[in-house]
Structures are given as structure tokens and as C-alpha cells.
Amino acid sequence: MSLRKIDQKRFNKIVKSILKVAKDLLTPGNKTSKREWQYVFQDIHIISTGAAVVKGDGRQVLYDKLKELLQQHVDGILRAMDPLKGMELLSVYREKFKTYSIGSGYMNEPCRPLNKELKKASSAEVEFQDELKWTIEDLAMKLWKETVFDALQSKVVPELVDQIRIAREGNDIDDKMVADVLLSMIDMCSFMDEPTVVYIKLFENSLLESTNEYYRVRGEEFLNTHTIEEYVSWAHDITSKEIYRCNVVLPQFSQKKLLKQCLQTLALDKKDEFIKSAKDFLNENRDKELLKMFELLEKANALYVLTDPFMEVIIEKGKSNIQSLKANKEMTALTFYDKMRQLHEHYIRICERAFNKNSLFLACVDKACKIVMNIEKKKAPEFLAKVCDSSLKKSSKAPTTDALEDRLRYVVILFNYLQDKDIFQKFYSKYLAKRLIHGSSTSEEAEQGMIARLKALCGFEFTGKLQRMFTDVTVSQQLNSQFSSHMNSEAEASSSKSAANTSMNIIVAQRGAWPLSAANTPAVSLPNILATCMEKFSTFYTKKYNGRKLIWLHNLGTIDMKSTFGKKRIEFHSTVFQTIVLLMFNENQTITTTEVEAQTQLSTKDVESTINSLITCKLVKKNDDGSFYLNKKFRSKRHRVKINVVVQREVAVQEDKQTHTAIDGDRKLFLQAITVRCMKLRKSMRYNALVQEILQLSKSQFTPSIPSVKKCIEELIDKEYMSRDRKDRNLLFYVA
């Protein structure tokens, strides 16, 4: 479809009608008819396609005429607003820009073909490039900025900042008007690559500066006449109001900057006062004040202001608790556990009430408790193992099922803070062995539950031996049943009642799984009745398991023995050594320590300890000549009497010392094992890299010292598991 060419006269008439419509669009109250609006689209399209035969480029002429019209219009707006000030200026400015912006937007619609053609021309012809690169709408905004805004900015911008100050002082302002004027500063720069640059440079920076100064002065004035907790509440309220005002007045990208500035001035600049007050609030359990401080600093993304004093308070409190226990000589396993649990529970509750269960503060509790737990680095693991033992062992003071579960759950929580978990493992296995041997566990379910918790935390390797101990007990129960059937069969065959009158419950323990040592077992000569039973079981076991060797640990055995005192029959629960001594009274009225030593082959120390335990329970008495006799007047309200063992302090200390010696030995083997494992996997490693790798892999068990790691490496080099490079001594190779 070809367009009809138009001459100069017709062109001038068309331009005149276009300018009239454009002026009507920019002028409030003027209306454009539908017919005029349709002709404008048609006329501009004709001119844009080059159909006008006129002097010069018709597109250029129309563009210049529209530019001239816009310039005259903004000049008139400036003349009308120049005398105005304050709120009146802002009000008129908003209305004028709104009308101008809408009108120029409507103008741009029929001018789209013109914009398109001029863009092509500006790309092809050098003389057009700078002059015609803006659309009519962009041109309108550019002229507004350069003519109206640049002339009035010295009055508009300060008035906008002042309006926000007035609102901060509690007075009412026209929020919508302020927001519209601020938005106009961005809209008028739509022709620029960065439309917000003028807003940021002229208004935002000025607002941030005035905000800092305003709240600095107000904050100092308030703090001089009020307490810090009142200041925190005031700052919290001020910040909440500022957030609301930002959402109503400021563009979204500017809101975060202003809030950050407020919090910087109100909170971070008062960091030292906050830290000191936070410690006081924590020590005084003032959760409400802490919560307000937390919420204020959370908005500022500065929770580190609280986390450091929070950790310090926990550590100080924990150290104070331990020092108090030591000073009052109350340091026991249970008191240590109670204090650590109270410490952990107290600050976890503070995290819930004052810090909204924030992960940073929960992590602070973990870090602080880890430091406190490891103040008593060697004792803490032993204490936790003892708490488990006292809880899982049958006694009149044993906790209820729910209380037991709760205590074991918290033991595992505290256990997780230990650096030297292998010490706990050693003592726990030691106490577990005693419970299993003496059958003193409250329940197998509770025992297995505790092992399951440890396994979930530390892995199968940590609890493997503990599980094998339970397996041995189960296998031993089956073995005892088979042995009992075997003994009954022999008794029936020989018509002898002696075998049937004596029952045995034997635990066959694997040497590598149980923390038991034959080296610590005293040699003893057993009475015939006990020796016969032992020999029969050994024969039975050897036939069943050919090639296995039994080593009897008599010091761990117990015997239930029935006796008659007067007309009353009493059953005694005693150790093997106590039973041997008591059986000697069947043949002797009195005995001496020398006679006991000769008959039992026990050491003087063991004999004296055994006799003292019998004297303590008033079953044996001492003559003036130093000999001992059986107290035939012994009476007890109970049918079954347990003869307690007198454990001397020196013996207990020696056992603990042996346990720690065993731990040191296990650590040495553990370090050697993981060192060889690393080298076998990597084939070659730098010396320092190997040291760091060993330290990392050891964390789950204990924290070794660097000298011990280096000593381990040197020992493995001497044993030819590794070798050094001849040229580079820091390079190690695995020797297959």
C-alpha cells in the first residue's frame, strides 16, 4: 500500500494539529476529541514514513517542534513554581509532574513510529546520533529534569529531608505526597542508563547523613537521662517506627540503606554499652530486655555483639561452678554432672526465651559448654562414665525408668562436648564389665539403649567392644544351660548328689573385648569343692571348643553360700576370697592370717583386706591374741546377706592409674593405625600435611598433642612402615 505524498502547506497544517493535541494533553482541563486523536496517529505515521515532501527531513522538523513545545511548557511550569516554598512547593511540584508525566506518556503513543524511524536514522546518520536518540517520552523527562528539577532542587530536596525529620518527631505529614515526589526523581531520569543516580546522589545521601546526625544527638540525650534497658526499649520502638515510615515513603531499594544507618547509629555505635549491659542482663536473667536487644541487633545483622558476651558469661559461670565444687570439696561425679546439666539447661532456656532459638546462640552454648566440660579434661569423661554406672546399676537409689532415660539422654549431650571421648569409653567399658559380671544392671534394654546412643554419635568402632561384651553374656547363658544339663546327666549316671547341689554361672569373656587382665589376678589355691567345679567346667569347655584356653579370674567371681546360725538359715553373697576364708571355719575354730596365707596362697595384703570385710559385717571377730573366730551369734533380719568388699583408697587409685595407662597405650596404637592407613591410601605425603591429617582423624576419639603425633611418625619410620625422601626430608613415602 503506497502513501499519498503531501506538500509543504499540508505538512504545516498537520504539524499544527499535532502540536495542538500535544498541548491539550499537557494542559489540565483541556480535552481532545476522539476524531482528533485518531488523526494524530495517522498524521504522525505519514510523516514518519517520509511521505512529506518538505524542505529538510519532515521527521526532524516534527521532532524539533515537539521539543520546542515541551520546552515552552516546562519553562511555564518553572515560572509558576519558582516563588513557592515548603509544603506548598512540594504539593504543586507533585501535581505538575503527575500531569506532565501522564501527558508526555500519552504523547509518546502516536509518536512510536516517529521514535522508531528516528532511532534508525540516528544509527545510520552521524549528525542525528546525539540529537535524536531519545523517544518523545524520554525527551519530555529530560527537559523536566534539566529545566524544572535542576532549578528547584535546592528547595525541593531539603524540604523532603525536613518532612521526614518532622515525621520522626511525631508530627503528621503527607506521606503519599512525599513518596510521590521521591518517585518522580526516579521517573524523570528514565532516559538515563541508571535512573536512580540523581535520587541517590541528591536525596538519599543527604537523608542518610541527616539520619545519622539526628539519631546520634537524640540517642546521646536519651542515654544521659535513662538507663541502658530503657534505651534499648526506646531504640527498639524507634526502629519499628522507622521501618513503617520507610515502607510508606521510600523506594524499596532505599529502605534497607536507611534502616541500616538507623541501626548503625542507635545500636552499633553503642556496642560497648550493649556488651556490658548484655552481661548484666544474662547474670540477672532479664530475658525481656535481652529479647529487645536481640531483636534490635538482629535487624542490624550484628548479633555478634551479643554472641561474644553470651559465650563469656557461660564460660565464667561454668568455671565458677567447678571452682565452687573444688573449694567446698564437693567434686564428685554426680555433682559435676548436675552442675553441667544445670548450666546447659539454663542457657538453652535463655536461647529459647530471649534469642528465639537462634542458631548462632545455640552454637555459642555448645562452644562454651565444650570449653567448660574440658576444664577437667581427664576427670570429666570419668565422671560421666560413673554417672552412667550409678544410673544403670541396681540400687535403692536407682532412678525411675523415665528419670533414667532422661539422665542417660543428657549424659550423651554432655558426652558430645568431651574432647577425649576415649577416656569415657575406657571407664564406661570397665563399669559395664562389672555390671555384667555381677548381674547388677537395672535392665538390658536401658544398657542397649545407651550403647545405641553412643553408636549413633561415634560410630560402630566406638561401641564394638561394648556390644561384644553383651554377646559374650548371651553366649555364656546358653553355655551355662548346656553345662547344667551335662552335670545333671553325670549326676544321674553316677547317682551322686554333690554335682547337683552345686550350680555354676560362668561368663566366658573374650580377652580383646573385655577390660580385664589376667596379670592383675592374684594366684589362689581353691578348696576342693570349688576346684572340682572349676575342673569339670574346664573339661566340658575344652571338649566343646577344642584349642581354646580358659584363664580364670577368681578375684571377679562371687558365690552364694547357704549356712546355719542357730535355727536360722542365711544365704551369704560373697566373693571367692571371702568364701575360702569362711569355709576354713568348717574345720577350725580359729584361724590366723598366716594360716590363711599358707592355705590360699594369697598375699598378706589380700588376706587382710578379705578378713577386714568379714569383720566389718560382724561375721568374724578378732581374739586378743590376733586370731579370728566365727561369730556364731551373728543375726540378720534378712534371709540373704551381701558381704561388702572393703575397697581401700590406694587400690581404687591404682586401678584408675592402670586405666589411664591402658588409655595411653591404646592412643599410641590408634595413632599408629590411622597414620599407616593414611600413608597406605596416599602413598606419599608431606610431613606437615600428614600431621594435620592425623589430628583431624583423631578428633572423634581424642585430641592428641602435636609432639605425640610427631613421635608416632618417627617410630613408624624406625619400624620401616614409612621412609623419608633422600633429598626432601619433609616428603614421606609408604613402604609396602
Side-chain angles (χ1 to χ4, degrees), residues 164-170 175 204 207-314 316 346-365 367-368:
I164 293 178
R165 178 193 61 77
I166 292 170
R168 285 172 177 161
E169 292 177 350
D175 295 334
E204 185 179 85
L207 177 64
L208 295 177
E209 185 178 340
S210 65
T211 298
N212 178 50
E213 181 62 20
Y214 178 80
Y215 283 123
R216 183 188 66 78
V217 174
R218 287 288 308 277
E220 290 176 357
E221 290 175 353
F222 192 92
L223 200 53
N224 289 335
T225 56
H226 297 78
T227 61
I228 187 66
E229 51 266 39
E230 291 172 332
Y231 176 85
V232 170
S233 297
W234 173 78
H236 185 273
D237 294 340
I238 288 292
T239 307
S240 299
K241 292 176 182 178
E242 199 69 37
I243 292 173
Y244 174 78
R245 190 178 303 111
C246 286
N247 293 334
V248 173
V249 174
L250 299 181
Q252 191 171 5
F253 69 86
S254 195
Q255 294 171 11
K256 291 182 179 179
K257 296 178 185 178
L258 182 64
L259 181 60
K260 182 179 179 181
Q261 182 61 64
C262 291
L263 293 167
Q264 175 69 41
T265 308
L266 292 170
L268 297 185
D269 290 350
K270 305 291 186 297
K271 182 173 66 174
D272 294 339
E273 290 88 342
F274 274 37
I275 291 173
K276 182 179 180 301
S277 300
K279 288 185 176 181
D280 294 337
F281 294 162
L282 286 165
N283 290 325
E284 297 167 10
N285 299 325
R286 298 168 67 177
D287 296 340
K288 291 182 179 179
E289 288 81 358
L290 282 170
L291 178 59
K292 287 188 177 181
M293 189 180 288
F294 166 80
E295 290 174 344
L296 186 64
L297 292 169
E298 187 179 35
K299 293 171 186 174
N301 196 25
L303 291 178
Y304 65 87
V305 174
L306 282 180
T307 53
D308 291 343
F310 185 52
M311 270 192 66
E312 289 174 12
V313 168
I314 299 173
E316 288 171 5
H346 175 68
Y347 289 103
I348 286 294
R349 282 195 297 270
I350 287 180
C351 285
E352 293 171 352
R353 295 195 300 258
F355 303 134
N356 293 338
K357 298 182 181 179
N358 186 276
S359 59
L360 289 176
F361 292 88
L362 292 172
C364 284
V365 175
K367 290 177 184 177

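A donor-acceptor pair shorter than 3.5 Å can be found between the side chains of Gln264 and Asp269. Under the 3.5 Å distance criterion, with hydrogens and angles disregarded, a donor-acceptor pair is assigned to the side chains of Thr265 and Gln261.
Atom OH of Tyr244 has 12 or fewer neighbouring heavy atoms from other residues, nucleotides or ligands inside a 6.0 Å radius. The 12-atom threshold is exceeded at CD of Glu284, counting heavy atoms of other residues, nucleotides or ligands nearer than 6.0 Å. By the 6.0 Å contact criterion, CG on Asn224 is enclosed, its count of non-hydrogen atoms from other residues, nucleotides or ligands being greater than 12.
Under the rule for a side-chain contact (heavy atoms from CB on, under 4.5 Å), the partners of Asp175 that lie at least two apart in sequence or sit in another chain are Ile173, Val248, Val249. Not counting sequence neighbours, the partners of Ser254 by the side-chain contact (heavy atoms from CB on, under 4.5 Å) test are Tyr199, Glu204, Leu250, Pro251. Applying the salt bridge (charged side-chain N to carboxylate O under 4.0 Å, His left out) test to Glu220 and every residue at least two apart in sequence or in another chain returns Arg216. Every residue meeting the ring-ring contact (aromatic ring centres under 6.0 Å, His included) condition with Phe294, not counting sequence neighbours, appears here in chain and number order: Phe355, Phe361. With sequence neighbours excluded, the residues forming a side-chain contact (heavy atoms from CB on, under 4.5 Å) with Leu362 are Ile348, Cys351, listed by chain and number. The side-chain contact (heavy atoms from CB on, under 4.5 Å) search around Asn283 returns Val313, not counting sequence neighbours.
One finds no salt bridge joining Lys299 and Glu295 here, because no Lys/Arg side-chain nitrogen approaches an Asp/Glu carboxylate oxygen to under 4.0 Å. The residues Arg168 and Glu242 are annotated as salt-bridged, a charged nitrogen and a carboxylate oxygen being separated by less than 4.0 angstrom. Comment: Lys241 does not engage Asp237 in a salt bridge, judged by the lack of any side-chain N to carboxylate O separation of less than 4.0 angstrom.
Two residues are said to be in side-chain contact when any heavy atoms from C-beta on lie closer than 4.5 Å; Leu360 and Leu306 fail this criterion. You'll find the side chain of Tyr304 reaches within 4.5 Å of the side chain of Thr307, heavy atoms only. Contact annotation: the side chain of Leu223 approaches that of Ile228 to within less than 4.5 Å [non-hydrogen atoms, C-beta and beyond]. Within the 4.5 Å cutoff, the side chain of Glu221 has no heavy atoms near those of the Thr225 side chain. For the pair Glu273/Lys276, no side-chain contact is recorded, criterion being any heavy-atom separation below 4.5 Å from C-beta on. Between Thr239 and Leu263 the shortest side-chain heavy-atom distance falls below 4.5 Å. Looking at Leu296 and Leu266, their side chains never come closer than 4.5 Å, going by heavy atoms from C-beta outward.
The distance from atom CG of Asn301 to atom CG of Leu268, rounded to the nearest 0.5 Å, is 9.5 Å. Expressed to the nearest 0.5 Å, how far CD of Glu316 lies from CG of Leu282 amounts to 10.5 Å. The CZ atom of Phe310 sits 12.5 Å away from the NZ atom of Lys367 when rounded to the nearest 0.5 Å. In this structure, CD1 on Ile314 lies 7.0 Å from SG on Cys364, to the nearest 0.5 angstrom. Interatomic distance, CD1 of Ile164 versus OG1 of Thr211, reported as 7.0 Å (0.5 Å rounding). To the nearest 0.5 Å, the span separating CD on Glu229 from CG on Leu290 amounts to 11.0 Å.
The aromatic rings of Tyr231 and Trp234 lie tilted to each other, with the angle between the two planes from 30° to 60°.
Panel note: side chain His236, backbone Val232; no donor-acceptor pair is recorded below 3.5 Å. Remark: the backbone N or O of Ile166 is not paired with any side-chain donor or acceptor of Glu169 at under 3.5 angstrom. Judged by distance alone, with hydrogens and angles left aside, the side-chain atoms of Ser277 form no donor-acceptor pair with the main-chain N or O of Phe274 at under 3.5 Å. Counting only distance, with no hydrogens or angles, the side chain of Asn356 and the backbone of Glu352 share no donor-acceptor pair below 3.5 Å.
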Quiz item: Step by step, would you call Asp308 with Ile275 a side-chain contact (heavy atoms from CB on, under 4.5 Å)?
Solution: CA-CA 8 Å; Asp308 291 343; Ile275 291 173; over 6 Å; no
Exercise. Go through the steps to decide whether Gln252 and Asn247 satisfy the test side-chain contact (heavy atoms from CB on, under 4.5 Å), and finish with yes or no.
Key: CA-CA 7 Å; Gln252 191 171 5; Asn247 293 334; over 6 Å; no
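The minimum heavy-atom distance between Arg353 and Asp287, with the atom names listed, is NE-OD2, 2.5 Å.
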